[in-house]
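Contents: one structure, followed by commentary.
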Amino acid sequence: MQSSRPSHTGDRQKTGHSRHPVDDRPHRPDDDRRLFRVVLAVPVVLLTLAAAFFLWPAINTRPDGDWDQAAYGGIELACALTVVLAGAVGALWLAPSVRRVMRWPWAVPAVVLGVAAVVRWVSSGA
């Protein structure tokens, strides 16, 4: 008399059914990175564009003279906003989970804008 319970030897009989080819592929952990990159690209791009927006008047504002404190104040404010926005991109990029998905070329434009704003701020002479 044969037992209806399968043996516990670990040997399984082949049923003749093949698995679906998609199931045979190994799961790659970077499959989800594309969506994560798109989600993270939105704030990185928007913050970089905002930093560029504020750097533009900082570079193009020319005080009429040493007495023009309003122009110097505007330059300082625009530079400060640029540095804060570029710093936000840099801080976002420094997170290890973000760095795995978004490589350094995503952060370079914001860092360059931040450095340009610091140079303009220091050279404004306010």
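Note that this is a predicted model, so its numbers are computed, not measured.
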In terms of hydrophobic clusters joined by side-chain contacts under 4.5 Å, are Ile59 and Phe53 together?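 Different clusters.
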
If hydrophobic clusters are built by linking Ile, Leu, Val, Met, Phe, Trp and Tyr wherever their side-chain heavy atoms come under 4.5 Å apart, do Val108 and Val83 end up in the same one?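 In one cluster with Val108: Val83, no.
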
Report yes if the side chains of Phe54 and Leu77 come closer than 4.5 Å at any heavy-atom pair, otherwise no.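 When only atoms from C-beta onward are counted, Leu77 and Phe54 do not touch, as no gap falls below 4.5 Å.
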
If I take atom CG from residue Leu113 and atom CG from residue Leu47, how far apart are they, to the nearest 0.5 angstrom?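 That separation rounds to 11.5 Å.
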
For [X] and [Y], work out which heavy atoms get closest and say how close.
{"X": "Arg120", "Y": "Cys79", "result": "CG-SG, 3.8 Å"}
{"X": "Ala110", "Y": "Ala86", "result": "O-CB, 3.1 Å"}
{"X": "Ala71", "Y": "Pro63", "result": "CB-CA, 3.8 Å"}

Quick one: list whatever passes side-chain contact (heavy atoms from CB on, under 4.5 Å) with Val44, sequence neighbours left out.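 For Val44 the side-chain contact (heavy atoms from CB on, under 4.5 Å) partners, ignoring immediate neighbours, are Thr48, Val89, Leu92, Met102, Trp106.
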
Only counting residues at least two apart or in another chain, list the ones meeting side-chain contact (heavy atoms from CB on, under 4.5 Å) with Trp93.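 Trp93 satisfies side-chain contact (heavy atoms from CB on, under 4.5 Å) with Arg99, Trp104, Ala107 only.
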
CG of Asn60: more than 12 outside heavy atoms within 6.0 angstrom?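 Count over threshold, so yes.
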
State whether the side chain of Thr82 and the backbone N or O of Leu55 hold a donor-acceptor pair below 3.5 Å, judged by distance alone.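 Looks like yes, one N/O pair under 3.5 Å.
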
